Each structure stands twice: as C-alpha cells, then as structure tokens.
There are 2 protein chains.
Amino acid sequence: MSDFEKTRSPGYLANHMARLFAHGLAERIRPLGLAPAQFMTLLELWREDGITQRDLVARLDVEQATMANTLKRMERDGLITRRAHEGDARARTIHLTDRARDLQPAAEEAAASVNAQAVQDLSEEERVAFVAAMHKVIAALKG
Amino acid sequence: MSDFEKTRSPGYLANHMARLFAHGLAERIRPLGLAPAQFMTLLELWREDGITQRDLVARLDVEQATMANTLKRMERDGLITRRAHEGDARARTIHLTDRARDLQPAAEEAAASVNAQAVQDLSEEERVAFVAAMHKVIAALKG
DNA sequence: CTCCTTTTAATAGCAAGCTATGTATATATG
DNA sequence: CATATATACATAGCTTGCTATTAAAAGGAG
C-alpha cells in the first residue's frame, strides 16, 4: 500500500535504539540504586553542584515538570538535598549527598560499558560519523 | 574530574534525539487524534490486519505489557476492535476500524515530514550511513 | 486421560516523558 | 509605589516504557 517502512525510518530507529540504550543502562545502574534519568541528572551535578532546577532544565533539555519530578525522586532516594537560594526566594539550590558523590565512578563506568557494547560493530570512522550525525539531527529537530 | 561527556555519549544522544523525534511526531499527529505508540502500532496493522497482540510484540520489540496498554488505549479511542481468535481461546485478533484505516495517508505523511526535517542537514551518504549505523547499534544492544 | 509446562493476555505498580495549570516571588513599567 | 508581567517551581493528569505477577488456555509427557 504505502512505502513507509519502519526499518528505514530514522524516527522509528531512534526510538528503538533509545529504548535499548535505556534498558542496558537501567540494568547496569539498578544495583547502584539509580535510574537512567537520575544518572543523566547526576552527570550535571557531578560537574557542578549547587545549581538550580532551572539550570538543569536548560542543560539537559527536558521540560521543567519532568525535572521537578526527577528531582523529587532523587531527594526521596537520598541522592540530593535542596537549600534556599540566596537572593531568590523562588529558587532552591540542589546539592549532592555523599552517597551520590560516591556513585560517580561506578555509574560512569556502567554508562561507558553500554556505549562500548552499542558501538562495538562500528569502525572508528563510523563511530565518529554516527555521533556527528546525531548532533546534526538533534540540531535540525530543535530548529 | 571524569571525562564522561554527555555530548559524546551515544546513549545520551540517542535519548535526546528520540525525545525530539517523538515530540515532532506527536505534534503532527495530535490533530489526527493519534499518539506516537499508537502510530507505531498502526504501521503494523496497516500492513497486516487481524494479527494478535503477540505478533505486534514480536514485530515492534516492546514488552507484552506495554503493548497490552497501548492496545487498550487504541480500543478506547476507536482505532481497533478485537475478536475471539479462531482456534486459540487465549488470543484475540486485532482489527482496524474504518477511522484507523482512513488515517493512514495523513499519519504517514506526518511521520515522513519529521524524518525529512531530522535529516535535512545530512548528505545522502550521511543519511544512509546514519540509518545503517542505527541498525548496527540496535543489533549490538540486542545481542 | 492427567499433570506439568508453556503460552497468551491482563493487571498492578513504577519511572520518565509531556502539556497545562497554579502559586509565589522578582522585575519592570506607568 | 502600584500594578502588571515574567520567572521558578510544584502539581495534576496523561502516554509510553518497564518488571513482576496472575489467570486461563494449549500442548506435551507419562
């Protein structure tokens, strides 16, 4: 009938691939008590502690409501604490707990291992081109 | 501290890219009364009507529980009906409604337009390599 | 034929994404 | 200053994904 073929559709493949990445990561960081969105958020907090929800929303490109819920779960799970922001009573600064700080090496190693498995059958050039293509696609979809 | 950089992580980029694809598709098919997972399911049913939930699970590589819930919403929304399977009292066959059949051209056009926007800054070779790389990554992550 | 295992589907409960809305504080403007 | 707009965050409600569990039917081994 139509020639729309899911195995040739970048959007379909992107969805499928992202689900497999998420599954692989979830499996490896579950023993650490982490979930994928929490890990993604920790990546930013390991880089800079004491930032606000607004900062995280900007850096991770998710909706504010999504980040609010992720932070609530992270607070519940003892990964972050929040303090009043000096100079802006609306905002709160977000701070890593010792537990969250300690998880960094193991969590990053887990993520690196999923990435390694994912690109294991790509040559170095293919891998570089693949990452560059994803950047271009992300930019095009944001525009 | 660490050299884990999200903009170089295939997994991070895959997640970000998939969210942007889903957003673009959702925006375009919302006027049709469709959501992305429903569209993905319709792609298979437009190809072959009267299959079972089990068939859809195998073809779309989602968990059975995920498909069960998607089908429940599609039934609620008047996109499918279900009938007793002849010869297997556990299964039910899934059938498109007229409304779902009528949506095919517009929905596929919407998906094609998201794909076109996504790859607009890739050359033809880059586009082919990108799709091939996603297939390889999917295979590697499934293995 | 009976019992055990496998298969098909439904349901519960959670994470993570979204839109839409509300609330409180900051800031800008008349 | 007063009021209007903008910003920071929370909450409600939805979809889509997952795991784990259950129920019912089918199929296979004795």
Side-chain angles (χ1 to χ4, degrees), chain A residues 11-12 14-30 33-42 51-58 60-77 79-80 82-94, chain B residues 12 14-31 33-42 51-58 60-77 79-80 82-94:
Chain A
Y12 179 85
N15 170 274
H16 193 181
M17 184 172 69
R19 285 191 284 117
L20 292 169
F21 265 114
H23 185 268
L25 180 62
E27 204 169 57
R28 287 169 172 85
I29 62 180
R30 191 176 310 128
L34 292 180
Q38 296 180 347
F39 170 70
M40 178 172 89
T41 304
L42 287 176
I51 59 180
T52 65
Q53 179 181 124
R54 176 185 172 284
D55 295 327
L56 287 168
V57 164
L60 294 173
D61 198 23
V62 297
E63 288 302 317
Q64 175 266 322
T66 299
M67 185 51 67
N69 283 322
T70 295
L71 291 173
K72 195 193 300 184
R73 285 187 292 270
M74 292 176 75
E75 196 166 33
R76 177 200 66 192
D77 295 349
L79 294 166
I80 58 165
R82 289 190 266 197
R83 302 184 204 147
H85 188 285
E86 307 175 20
D88 190 339
R90 296 169 301 179
R92 290 197 284 167
T93 55
I94 299 162
Chain B
Y12 179 84
N15 171 274
H16 193 180
M17 184 172 69
R19 285 191 284 116
L20 292 169
F21 265 115
H23 185 267
L25 180 63
E27 204 170 57
R28 286 168 172 85
I29 62 180
R30 192 176 310 127
L34 292 179
Q38 296 181 346
F39 170 70
M40 177 173 89
T41 305
L42 287 176
I51 60 180
T52 65
Q53 179 180 125
R54 176 185 171 284
D55 295 326
L56 288 168
V57 164
L60 294 174
D61 198 24
V62 297
E63 289 302 315
Q64 175 265 322
T66 299
M67 185 51 67
N69 283 322
T70 295
L71 291 174
K72 195 192 301 184
R73 286 187 292 270
M74 292 176 76
E75 196 166 32
R76 178 201 65 190
D77 296 348
L79 294 166
I80 58 165
R82 291 190 264 198
R83 303 186 204 145
H85 188 284
E86 306 174 22
D88 191 339
R90 296 169 301 182
R92 289 196 284 167
T93 54
I94 298 161

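Chain letters run A, B, ... following the sequence lines, proteins first, then strands; residues in each count from 1. Because the structure is a prediction, the values reported are computed rather than measured.
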- To the nearest Å, how far apart are M67(B) CE and dT15(D) C1'? 13 Å

- Task: Compare all side-chain heavy atoms of V62(B) with those of M40(B) and state whether any distance is below 4.5 angstrom.
- Result: yes

- Message: Quick one about N15(B) and R19(B) (side-chain donor to acceptor, distance below 3.5 Å, no hydrogens or angles considered), yes or no?
- Response: yes

- If each of A89(A) and V62(A) is mapped to the nucleotide of DNA chain C with the nearest heavy atom, which maps nearer the 5' terminus, i.e. the 5' end? V62(A)

- Given atom CD of E27(A) and atom P of dT19(D), what is their separation to the nearest angstrom? 8 Å

- Contacts of D77(A) meeting salt bridge (charged side-chain N to carboxylate O under 4.0 Å, His left out) (sequence neighbours excluded), chain-then-number -> none

- Task: To the nearest Å, give me how far apart CE (M74(A)) and P (dG17(C)) are.
- Result: 12 Å

- Note on the structure: When the rotation axes relating C1' atoms of four end pairs to the next four are compared across the helix from dC1(C)-dG30(D) to dG30(C)-dC1(D), five pairs an end, they differ to 10° by 10°

- Message: The test is side-chain contact (heavy atoms from CB on, under 4.5 Å); show your working for L71(B) and R82(B) and say whether it passes.
- Response: CA-CA 10 Å; L71(B) 291 174; R82(B) 291 190 264 198; 3.7 Å; yes

- Hey, are the side chains of T41(A) and L60(A) touching, using non-hydrogen atoms and a 4.5 Å cut-off? yes

- Message: Does a side-chain N or O of N15(A) approach OP1 or OP2 of dT16(D) to a distance below 4.0 Å, or not?
- Response: no

- Item | R30(A) CZ - dA16(C) P separation (whole Å) | 11 Å

- Whether E75(A) side chain and K72(A) backbone form a donor-acceptor pair below 3.5 Å: no

- Rounding to a whole Å, what distance do you find between L60(B):CG and dC18(D):P? 11 Å

- Atom CD1 of I29(B) and atom P of dC18(C) are separated, to the nearest Å, by 16 Å

- Quick one, which residues of residues 16-26 of chain B touch DNA chain C with a heavy atom under 4.0 Å? R19(B), H23(B)

- Query: By side chain to side chain contact (heavy atoms under 4.5 Å, CB included), which residues pair with R83(A), not counting sequence neighbours?
  - Reply: T93(A), H95(A)

- Message: Nearest heavy atom decides the nucleotide; on that basis, is D88(B) or L34(B) closer to the 5' end of DNA chain D?
- Response: L34(B)

- Donor-acceptor contact below 3.5 Å, side chain D61(A) vs main chain V57(A): no

- Message: Please report the distance, rounded to the nearest Å, between CG in L42(B) and C1' in dT15(D).
- Response: 15 Å

Polar atom pairs (N or O), protein with nucleotides 9-15 of chain C, under 3.5 Å:
unit_1  : atom_1 : unit_2 : atom_2 : d
dA9(C)  : OP1    : R92(B) : N      : 3.4
dA9(C)  : OP2    : R54(B) : N      : 2.7
dA10(C) : OP1    : R92(B) : NH2    : 2.4
dA10(C) : OP2    : Q53(B) : NE2    : 2.7
dA10(C) : N7     : Q64(B) : NE2    : 2.7
dA10(C) : N6     : Q64(B) : OE1    : 2.9
dA15(C) : OP1    : R76(A) : NH1    : 3.3
dA15(C) : OP1    : R76(A) : NH2    : 2.8

- Query: What's the spacing between R92(B) CZ and H85(B) NE2 if we round to 0.5 Å?
  - Reply: 12.5 Å

- Task: Mind calculating the distance between CD (E63(B)) and P (dT8(C)) to the nearest angstrom?
- Result: 14 Å

- Enter the distance from L34(A):CG to L25(A):CG here, rounded to the nearest 0.5 Å. 9.0 Å

- Task: Sort and list the pairs that fulfil salt bridge (charged side-chain N to carboxylate O under 4.0 Å, His left out) and have at least one residue in residues 21-31 of chain B, not counting sequence neighbours.
- Result: none

